[in-house]
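Just so you know, ligand 1 is whichever comes first in the structure, and atom 1 is the first atom listed for that ligand.
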Amino acid sequence: MPDDCLFCRLVAGEIPATIVRETDDTVAFRDIAPKAPVHVLVVPRTHHANVADLAAADPGLTGRLVAEAAEVARAEGVGDGWRLTFNTGAPVGQTVFHVHAHVLGGGAIEGL
Ligand code: 5GP
Ligand code: ZN
């Protein structure tokens with residue numbers, strides 16, 4: 001794991017987070033600066049810079065990450081309508097280079 005990766009450190013418990021669900025290979029936690037009433041990030045425990053790298057390296061884990069995002073949406077009460085966003089690359093605003101799925105819903109969604 002890269003020592004300087006924020007979400008590797010969060011997964012390792014070195015940075016506090018409000019965790020909403022965990023599986024063997026994913027962690028879901030509330031975004032520190034929510035852009036919608038429901039804004040949860042779902043990350044794989046293993047480090048991949050973005051969703052393209054993850055999909056190339058591990059298609060199975062990519063599928064489990066998306067399935068887990070759907071579980072999060074249901075658990076958060078927005079299973080009837082939610083958005084899944086993967087910012088991929090700095091030009092579209094990716095700021096943390098450990099792949100994360102934004103699960104958004106429950107009302108107005110700002111930006112992203
Ligand atoms: P990106 O712009 O890379 O797609 O999204 C990064 C997200 O991570 C942002 O929505 C930002 O608010 C969130 N974030 C950044 N630092 C932290 C942190 O330390 N803890 C949590 N829970 N979220 C963070
Ligand atoms: Zn990482």
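- In this structure a side-chain-to-backbone donor-acceptor pair under 3.5 Å is missing from Arg21 to Ala75.
- Evaluated by nearest non-hydrogen atom to atom 7 (C) of ligand 1, the leading choice among Ile15, Val40, Asp31, Ile19 is Asp31.
- Atom 4 (O) of ligand 1 has its nearest heavy-atom neighbour, among His102, His39, Gln94, in His102.
- The residues Lys35 and Glu110 are annotated as not salt-bridged, no charged nitrogen and carboxylate oxygen being separated by less than 4.0 angstrom.
- When non-hydrogen atoms are compared, ligand 1 lies under 4.0 Å from the side chain of Phe7 (C-beta onward) but not from its backbone.
- Summary of contacts: the protein heavy atom closest to atom 3 (O) of ligand 1 is Thr95 N, 2.7 Å.
- Within the coordination shell of the Zn ion (ligand 2), defined by N, O or S atoms under 2.8 Å, His48 is absent.
- With a 4.0 Å cut-off on non-hydrogen atoms, Thr18 does not touch ligand 1 at all.
- Within the structure, ligand 1 lacks Thr85 among the residues with a heavy atom less than 4.0 angstrom away.
- Distances from the Zn ion (ligand 2) to each N, O or S atom of His98 single out ND1 as the nearest.
- The residue among Lys35, His98, His100, Arg30 with a heavy atom at the shortest distance from atom 5 (O) of ligand 1 is His100.
- Among protein heavy atoms, the minimum distance from atom 2 (O) of ligand 1 is reached at Gly93 O, 2.8 Å.
- Between Ala17 and ligand 1 there is no heavy-atom distance shorter than 4.0 Å.
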